[in-house]
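Throughout, protein chains are lettered first and strands after them, A, B, ... in sequence-line order, and every chain is numbered starting at 1.
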Number of protein chains: 2
Amino acid sequence: MDPGKLNVVAMLKQAGLRVTPQREAILQYLVDTGGHATVEEIYQGVQPCFPHMSVSTVYNTVKHLAQVGLIKEIHVGDGPSRFDMNVRPHHHLICRKCGILFDFYIDEPPRFHLPPEAQGFQIEDYHVEVQGICPACRAASGE
Amino acid sequence: MDPGKLNVVAMLKQAGLRVTPQREAILQYLVDTGGHATVEEIYQGVQPCFPHMSVSTVYNTVKHLAQVGLIKEIHVGDGPSRFDMNVRPHHHLICRKCGILFDFYIDEPPRFHLPPEAQGFQIEDYHVEVQGICPACRAASGE
DNA sequence: CATCTAATTTGTAATGATTATCATCTAGGA
DNA sequence: TCCTAGATGATAATCATTACAAATTAGATG
């Protein structure tokens with residue numbers, strides 16, 4: 001038996017979600033590719049195995065997966081939503097040229113200096129989006 | 001004469017943009033309201049004075065204003081783009097309940113711990129988006 | 001001050017991402 | 001095995017944004 005497949009089934013069950021072939025495939029795709037996929041990419045990725053799967057199903061499924069915390073929805077710039085397997089809190093580097101995305105981590109949370117009118121704001125989560133030029137693009141344009 | 005109006009005209013000229021009544025009105029609106037406006041809000045805001053202004057003009061103008069650096073485009077969550085007069089680098093607190101937006105500042109940039117594959121990434125800018133509950137919503141639901 | 005031209009405005013159509021709808025189908029419990 | 005709440009899939013609807021083209025205008029030039 002495919003241990004990976006067993007794994008995603010277990011993940012779905014444990015999260016209290018119904019196990020359907022479509023959900024297995026989508027979660028498996030996210031597990032395999034490891035992060036930052038858009039709905040379109042997921043849709044294309046599962047096409048070979050599920051040629052009949054609807055985009056609606058992808059939207060629906062990622063919404064559910066995000067609700068139970070198996071994945072996280074991230075918004076980068078003005079692009080479409082991306083869905084990230086990585087549940088450990090992390091942040092993103094985006095290349096302005098090619099749009100490639102890297103994860104990175106911040107050991108100690110930065111000290112936020114809140115303005116007076118926001119005193120008492122209850123911080124629940126934060127996300128840092130770093131813009132710049134990735135090594136590959138620097139190499140490409142630098143020479 | 002309206003000193004405010006003279007001001008936005010000067011800003012446009014200095015930025016090398018043609019001065020049109022529409023641009024004056026849009027920039028004036030942004031100066032007056034002071035930040036975070038969406039295209040829709042700008043459009044509504046200038047309606048009283050410019051009932052004939054097209055949404056296209058708003059999109060066009062904010063794009064130009066952002067290009068010359070008079071304003072900054074920000075993306076918060078999955079909502080529409082917002083345009084911010086505040087050019088000083090700053091970050092945002094978003095309330096999960098009511099969506100209100102606060103600015104805040106970070107004195108010393110956090111130390112980013114880049115992964116191996118991103119070594120050499122040239123950081124140009126960064127933006128921190130903090131999610132949580134604003135004081136007003138806490139007060140409203142807390143009691 | 002009249003003229004000219006390139007930039008701007010405007011209305012509309014087109015696109016892209018996402019949500020809504022609803023009839024059909026199915027996972028999984030009784 | 002049967003039932004039903006929930007899931008799927010096809011399509012339409014919505015929302016933000018961009019593309020387009022014809023009419024207008026800012027501002028430079030003579």
Side-chain angles (χ1 to χ4, degrees), chain A residues 5-6 8-29 36-47 49-68 70-71 73-83 99, chain B residues 5-6 8-29 36-47 49-68 70-71 73-83 99:
Chain A
K5 184 165 184 188
L6 286 177
V8 301
V9 170
M11 289 166 78
L12 289 169
K13 277 191 178 152
Q14 196 163 0
L17 293 180
R18 270 201 192 177
V19 178
T20 70
Q22 292 88 341
R23 287 181 177 175
E24 285 178 46
I26 290 170
L27 187 52
Q28 188 66 62
Y29 174 86
H36 307 142
T38 62
V39 163
E40 182 61 23
E41 285 163 3
I42 299 170
Y43 179 65
Q44 296 299 334
V46 299
Q47 276 299 302
C49 294
F50 289 78
H52 298 304
M53 192 188 296
S54 162
V55 211
S56 309
T57 302
V58 183
Y59 274 103
N60 234 322
T61 300
V62 292
K63 193 169 65 184
H64 281 128
L65 293 177
Q67 250 163 16
V68 299
L70 281 177
I71 62 177
E73 180 172 4
I74 59 174
H75 300 279
V76 40
D78 57 353
S81 288
R82 292 174 171 278
F83 297 90
Chain B
K5 184 165 182 187
L6 287 177
V8 299
V9 170
M11 287 165 79
L12 289 169
K13 278 192 178 153
Q14 194 163 1
L17 293 179
R18 269 199 194 180
V19 178
T20 70
Q22 291 89 340
R23 288 182 176 173
E24 285 178 47
I26 290 171
L27 188 51
Q28 188 67 62
Y29 174 86
H36 307 142
T38 63
V39 164
E40 183 61 23
E41 286 164 3
I42 299 170
Y43 179 64
Q44 296 299 333
V46 299
Q47 277 297 303
C49 295
F50 289 77
H52 298 304
M53 193 187 295
S54 163
V55 204
S56 309
T57 301
V58 182
Y59 274 103
N60 231 323
T61 299
V62 292
K63 194 168 65 181
H64 281 129
L65 294 177
Q67 251 164 15
V68 300
L70 281 176
I71 63 179
E73 180 172 4
I74 59 175
H75 301 279
V76 40
D78 58 350
S81 289
R82 292 175 171 276
F83 297 89

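Residues A:Val46 and A:Tyr29 approach most closely at CG1-CB, 4.2 Å, considering heavy atoms. Between A:Ser81 and A:Glu73, the closest heavy-atom pair is OG-OE2, 2.7 Å. Annotation for B:Val8 and B:Gln28: closest pair CG1-OE1, 3.5 Å, computed over non-hydrogen atoms. Summarising the geometry of A:Leu12 relative to A:Glu24, their closest heavy-atom pair is CD1-N, 4.0 Å, with the distance given to 0.1 Å.
The A:Val39 side chain lies nearest to C:dT18 when the options are D:dT8, D:dA10, C:dT18. The side chain of B:Pro80 lies closest to D:dT17 when the candidates are D:dA26, D:dT17, D:dT8. Ranking C:dA17, D:dA16, C:dT9 by closeness to the A:Tyr59 side chain, first place goes to C:dA17. Of the listed nucleotides (D:dG9, C:dA27, C:dT9), C:dT9 has the atom at the smallest distance from the side chain of B:Asn60.
Axis angle, first five pairs versus last five pairs of the helix from C:dC1-D:dG30 to C:dA30-D:dT1: 30°, rounded to 10°.
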Atom pairs, N/O to N/O, protein against nucleotides 2-5 of chain D, distance under 3.5 Å?
| residue | atom | partner | partner atom | Å |
| --- | --- | --- | --- | --- |
| D:dA5 | N3 | A:Arg18 | NH2 | 3.4 |

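Phosphate proximity of D:dT8 to A:Thr20: present, with a side-chain N or O under 4.0 Å from OP1 or OP2.
With the nearest nucleotide of DNA chain D identified for both B:Glu73 and A:Leu17, A:Leu17 has the one nearer the 5' end. Residues A:His64 and A:His52 both approach DNA chain D. Their nearest nucleotides, taken by heavy-atom distance, put A:His64 toward the 5′ side.
Expressed to the nearest 0.5 Å, how far OH of A:Tyr43 lies from CD1 of A:Ile26 amounts to 11.0 Å.
Side-chain contact between A:Thr61 and A:Leu17 is absent, with no heavy atoms from C-beta onward closer than 4.5 Å. Counting heavy atoms from C-beta outward, A:Gln67 and A:His64 have side chains that approach closer than 4.5 Å.
Side-chain atoms of B:Ser81 stay outside donor-acceptor range of the base of D:dT17, with no qualifying N/O pair under 3.5 Å.
Within the nucleic acid shown, B:Ser56 comes within 4.0 Å of at least one base atom, counting heavy atoms only. Using a 4.0 Å heavy-atom distance criterion, A:Asp78 is classed as making no nucleic acid contact. Residue contacts shown for A:Val55 are absent, as no nucleic acid heavy atom lies under 4.0 Å away.
Summarising the geometry, the separation between CZ on B:Arg82 and P on D:dA16 is reported as 11 Å, rounded to the nearest angstrom. Taking atom CD of residue A:Glu24 and atom P of nucleotide C:dG28, one finds them 9 Å apart after rounding to whole Å. Per the geometry, NZ belonging to B:Lys63 stands 13 Å off C1' belonging to C:dA7, to the nearest Å. For B:Glu40 and D:dC15, the CD to P distance is 10 Å, given to the nearest whole Å. Distance, A:Glu41 CD to C:dG16 P: 16 Å, rounded to whole Å. Straight-line distance from the OH atom of B:Tyr43 to the C1' atom of C:dT9: 13 Å, rounded to whole Å. Here D:dG9 presents its P atom at 4 Å from CD of A:Gln22, a figure rounded to the nearest Å. In this structure, the NE2 atom of B:His75 is 8 Å from the P atom of D:dT17, given to the nearest Å.
A side-chain donor-acceptor contact under 3.5 Å links A:Arg23 to the backbone of A:Arg18. Proximity of a side-chain donor or acceptor of B:Glu41 to a complementary backbone N or O of B:Thr38 within less than 3.5 Å is detected.
Side-chain contact of A:Gln22 with A:Thr57: a donor-acceptor pair under 3.5 Å is absent, judged by distance alone.
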